[in-house]
Amino acid sequence: MTLSIYNTLNRTKEPFQPLNPNRVGMYVCGPTVYDFAHIGNARPVIVFDVLFRLLKALYPTVVYVRNITDVDDKIIKKSEETGEPIRAITERTARAFHDDMAALGALPPSVEPRATDHIAEMIEIAQRLIEKGYAYEAEGHVLFNVPAMDDYGRLSNLDRDSIVAGARVEVAGYKKDPADFVLWKPSTDDQPGWESPWGRGRPGWHIECSAMSGKYLGVTFDIHGGGQDLIFPHHENEIAQSTCAHGAPFVRYWMHNGYLMVEGEKMSKSLGNFITVRELRGEAPGEAIRMAMLSTHYRQPIDWTRKGLQQAKDALDRFYGALRANADIEAAGSEIPAAVKDALCDDLNTPAAIAAMHEIVGRLNKAESRSEKSLVKGDLMASAEVLGLLQQDPEAWFKWAPESTGEAVGLSDADIDRLIEERKAARKAKDFAAADRIRDDLKAQGIVLEDGPQGTSWKRG
RNA sequence: GGCGCGGUGGCGGAGUGGCUACGCAGCGGCCUGCAAAGCCGUGAACGCCGGUUCGAUUCCGGCCCGCGCCUCCA
C-alpha cells in the first residue's frame, strides 16, 4: 500500500509521490523559545514524528527539518519583563524543549536550524523579492506586497478582501496595501538587530521558515507540516515569499494537525487551563502522553482530559503486560505488519494502527509455542517502533511513579520487593490472611501485585 | 459577514452504501488459595428533518448544537 496524505492545498487525500524517492524532505514549524512547551505544542511534534518514522521505513533517506525560532518579539518582551538576557532565555528554553520532546518519544529531526544563524539567508530573500517587485522598503521596514502575487490566499482559501475586512489590528501607515506583511523591521538600540541594506533590524516571523527550508531542503520540497492555526497567515506567507523569490513551486504536500482543547474548553492563559508538557510529565509517563495524542487521528480535534490520559496509560499497561509476560522471548523479524502499515499509510491513521496493535497483543497473549511468540513479538515491536511506542523496558514502565509520590512518601522499590518476599513466605506457609493483608496494604498505596508463573510482579496503578 | 472543522454505543475512538473496528467500563465463564493479569463469550451507537436508493450511520439538501481561522497562538 502506498502512502496517501491529506493535502491542505487541495483539501483531498492524495497519493504521496516524492520529488526524489531517494531523498524525501519534510519541514515542520518548530517552537518559539520563550516558555515551556505546552500540550498543544506537543501535538505536531508527536504527529510528525510518526510521519518521520513511517517515511524512514518507506524511503532510504528522509531529511526532516524543524526550526527553532530564537528571534521574536515575544522573546524580547519576556526578557524585558524578567531581566534575563535573551540568549539565556532561548538557550534554556530550547534545552527544556529537547528534554520534553525526548520524554514524549520524539526523535530529533535531521536538522534543527536556528533563526539567528540564518539572518543572511533571510536578507537575501528579502532583497530578491524587492528586485522582482514583490516587496518594497518603507521607513526601515521591508514589506511583502500582497497584491503583487496572483494566487495569494490559496492555502487558507481566503481572498485579500476578506483578510483586510477581518483585520483585527490597525494597519500601519507605511503599508501600500493593508494585507502587506513584514519581511524585515527596524530594531531600536536595545533590541536585537543585524546590519542589513535597510539599516539595523531583525526579520519578520514568516521569512525564517522560507530561508531555512530553502537552505536545507531546496526551493521545492515534499512535505510541510504544522498546526492548523498556522495556515493563515504563517504558511500562506511562506508560500508567497518562497514562490515569488525563487520563481518555483514551494511545497507539494501541506499537512496540518487539528486543534487541542482542554476538558472541553480552549486552552488559554486567561482560563487558567494552560497545561505544559513539564507539568504533565509529573503526572504520567511521557509515553502515555504520546499514546493519548496518537489515539485520535491527527486532523481531528482532541479534547485533552485527565481521563483520556489515564485510558492511554491503561492501554499501554496492556501492551507492556504482554511484553513483561514474554520478557524471555526474543522478537523475530522487523517488518511492520500489514495492518499497521496500511493504517499509517492511509493518511497517518494512528487510531487504526493502535487497534491493530491491540489485535497483535491479543495474539501474543494467546500464543503457545516459543516460535509463535517470537514471531508475534516481532510484529508487535516493529509496530511499536514506527509509532514510537514501547521503547522502554517493561519493568521500568510499571515502576514509573508520579512526582507527587516522592521518595519520602512512597515505598521504594526495595521496600516493595521485601514485602513481596514476606508475602511469598506467608503463602508458602498457607497463611493466606497474612499474605492478603500485605497485598491489600500495598494496594492502598497504589501498588498492584500479580502472581504469575514466574513469581509475583508488581506495578504502580 | 467570509472561510473551515466536528456531533458515532456508559466513556474514548476508527470506519463503511448492505456483512456495524478497537480499547476502557459492565455482565457471564475459564484460570487462581482468593485476587490481579490473561483467555473465551456477551449486551449496547451512528445530532434532527427531508431526498436519492431495493437498502444510508455512510451520498445530497436543510436545520440544530459545539468549535476554529480571518496579520504574527501548535
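Treat the numbers as computed from the prediction; the structure is a model and nothing was measured.
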Peer 1: Taking atom P in both B:U53 and B:G47, compute the distance separating them and give it to the nearest angstrom.
Peer 2: 23 Å
Peer 1: Can you check whether A:H141 and A:W184 have ring centres sitting under 6.0 Å from each other?
Peer 2: no
Peer 1: I want to verify a distance call: between B:G2, B:G33, B:A74, whose nearest atom is closest to the A:L158 side chain?
Peer 2: B:G2
Peer 1: Please report the distance separating the P of B:U58 from the corresponding atom of B:C46, rounded so that it comes out in whole Å.
Peer 2: 11 Å
Peer 1: OP1 or OP2 of B:C72 less than 4.0 angstrom from a side-chain nitrogen or oxygen of A:K185, does that happen here?
Peer 2: no
Peer 1: Measure from CD on A:E263 to P on B:C67 and round the result to the nearest Å.
Peer 2: 16 Å
Peer 1: With a non-hydrogen cut-off below 4.0 angstrom, is A:D180 in contact with a base, only sugar-phosphate, or nothing?
Peer 2: base
Peer 1: In whole Å, I'd like the distance from the CD1 atom of A:I68 to the P atom of B:A74.
Peer 2: 14 Å
Peer 1: Requiring both pairing distances under 3.5 angstrom, list the stems that contain RNA chain B and are made of three or more consecutive Watson-Crick or G-U pairs.
Peer 2: B:1-7 with B:64-70, B:10-12 with B:22-24, B:26-30 with B:38-42, B:47-51 with B:59-63
Peer 1: Going by an N to O cut-off under 4.0 Å, is there a salt bridge joining A:R437 and A:D440?
Peer 2: no
Peer 1: Given the P atoms of B:A44 and B:C22, what is the spacing between them in whole Å?
Peer 2: 15 Å
Peer 1: A quick test of your reading: do over 12 heavy atoms of other residues, nucleotides or ligands sit less than 6.0 Å from NZ of A:K399?
Peer 2: yes
Peer 1: When the distance from CG of A:L449 to P of B:C34 is rounded to whole Å, what number comes out?
Peer 2: 17 Å
Peer 1: Of the nucleotides B:A35, B:A14, B:C40, which one has an atom closest to the side chain of A:P351?
Peer 2: B:A14
Peer 1: Base, sugar-phosphate alone, or nothing: which one does A:A312 contact when heavy atoms must sit under 4.0 Å apart?
Peer 2: nothing
Peer 1: So does A:N365 get a side-chain nitrogen or oxygen closer than 4.0 Å to the phosphate oxygens (OP1/OP2) of B:G38?
Peer 2: no
Peer 1: Could you tell me whether A:K185 and A:D73 have a side-chain N and a carboxylate O separated by less than 4.0 Å?
Peer 2: yes
Peer 1: For A:P178 and for A:V361, locate the closest nucleotide of RNA chain B by heavy-atom distance; then report the residue assigned to the nucleotide nearer the 5' terminus.
Peer 2: A:V361
Peer 1: Using a 3.5 Å distance criterion without hydrogens, assess whether the side chain of A:Q191 forms a donor-acceptor pair with backbone atoms of A:T188.
Peer 2: yes
Peer 1: Of the listed nucleotides (B:C39, B:A21, B:U71), which one gets closest to any side-chain atom of A:A355?
Peer 2: B:A21
Peer 1: Do the two ring centres, one from A:H206 and one from A:F181, sit under 6.0 Å apart?
Peer 2: yes
Peer 1: Rounding to the closest angstrom, what is the interatomic distance between B:A56 and B:C67 at atom C1'?
Peer 2: 27 Å
Peer 1: Once you round it to whole Å, what is the distance between P of B:A74 and CG of A:L230?
Peer 2: 6 Å
Peer 1: Would you call A:R306 and A:E283 a salt bridge, taking side-chain N to carboxylate O under 4.0 Å as the test?
Peer 2: yes
Peer 1: For A:R324, is there an ion pair with A:D393 - N to carboxylate O distance below 4.0 angstrom?
Peer 2: no
Peer 1: When the C1' atoms of B:A36 and B:C31 are considered, how many whole Å apart are they?
Peer 2: 12 Å
Peer 1: Between A:D49 and A:R290, does any side-chain N to carboxylate O distance fall below 4.0 Å?
Peer 2: yes
Peer 1: Ignoring the backbone of A:H38, work out which of B:A14, B:A74, B:C34 is nearest its side chain.
Peer 2: B:A74
Peer 1: Distance between the P atoms of B:U20 and B:G41, in whole angstroms?
Peer 2: 15 Å
Peer 1: Regarding A:R423 and A:D436, does a basic nitrogen lie under 4.0 Å from an acidic carboxylate oxygen?
Peer 2: no
Peer 1: Going by the angle between their ring planes, with limits at 30° and 60°, are A:H118 and A:Y216 parallel, tilted or perpendicular?
Peer 2: perpendicular
Peer 1: Against A:H235, only a single residue in A:W205, A:W254, A:F250 fulfils ring-ring contact (aromatic ring centres under 6.0 Å, His included); can you say which?
Peer 2: A:W254
Peer 1: Compare the minimum distances between each of B:C34, B:C72, B:G23 and the side chain of A:H358, then state the nucleotide with the smallest one.
Peer 2: B:G23
Peer 1: Distance check needed: B:A21 P versus A:D346 CG, whole Å only.
Peer 2: 18 Å
Peer 1: Taking the P atom of each, how far is B:C40 from B:A25, in whole Å?
Peer 2: 15 Å
Peer 1: When you compare B:A21 with B:C3, how far apart are their P atoms, in angstrom units rounded to a whole number?
Peer 2: 38 Å
Peer 1: Quick check for you: among B:C70, B:A35, B:C73, whose closest atom lies nearest to any side-chain atom of A:F232?
Peer 2: B:C70
Peer 1: Hey, which of these two, A:L260 or A:D177, hits RNA chain B nearer its 5' end, going by closest nucleotide?
Peer 2: A:D177
Peer 1: Taking only heavy atoms on the protein side, list every residue of residues 201-211 of chain A lying under 4.0 Å from any atom of RNA chain B, sorted numerically.
Peer 2: A:W205
Peer 1: Would you kindly check whether a donor in the side chain of A:R43 faces an acceptor in the base of B:A74, or vice versa, at under 3.5 angstrom?
Peer 2: no
Peer 1: To the side chain of A:R423, which of B:A37, B:C39, B:G33 is closest?
Peer 2: B:G33
Peer 1: Over all strands shown, is A:S156 touching base, sugar-phosphate only, or nothing at heavy-atom distances under 4.0 angstrom?
Peer 2: sugar-phosphate
Peer 1: Please list, by residue number, the residues of residues 291-308 of chain A whose heavy atoms come closer than 4.0 Å to an atom of RNA chain B; answer none if no residue qualifies.
Peer 2: A:S295, A:T296, A:H297, A:Q300, A:K307
Peer 1: Can you tell me if the side-chain N/O atoms of A:N257 get under 4.0 Å from OP1 or OP2 in B:A74?
Peer 2: no
Peer 1: Round to a whole Å and report the spacing from CG of A:D342 to P of B:G15.
Peer 2: 14 Å
Peer 1: Is a salt bridge present between A:D99 and A:R281, judged by a nitrogen-to-oxygen distance below 4.0 Å?
Peer 2: yes
Peer 1: Taking the side chain of A:R427 as heavy atoms from C-beta outward, which of B:G33, B:U71, B:C73 is closest to it?
Peer 2: B:G33
Peer 1: What is the nucleic acid contact for A:K74, judged by heavy atoms within less than 4.0 Å: base, sugar-phosphate only, or nothing?
Peer 2: sugar-phosphate
Peer 1: Has the side chain of A:N157 got a donor or acceptor that lies under 3.5 Å from a partner of the other kind on the base of B:G2?
Peer 2: no
Peer 1: Please check if any side-chain donor atom of A:E287 sits under 3.5 Å from a side-chain acceptor atom of A:Y320, or the reverse.
Peer 2: yes
Peer 1: Is the NZ or CZ atom of A:R299 positioned over A:Y6's six-membered ring, under 6.0 angstrom from the centre and within 45° of the axis?
Peer 2: yes
Peer 1: Less than 4.0 angstrom between a side-chain N/O of A:N349 and OP1 or OP2 of B:G15, yes or no?
Peer 2: yes
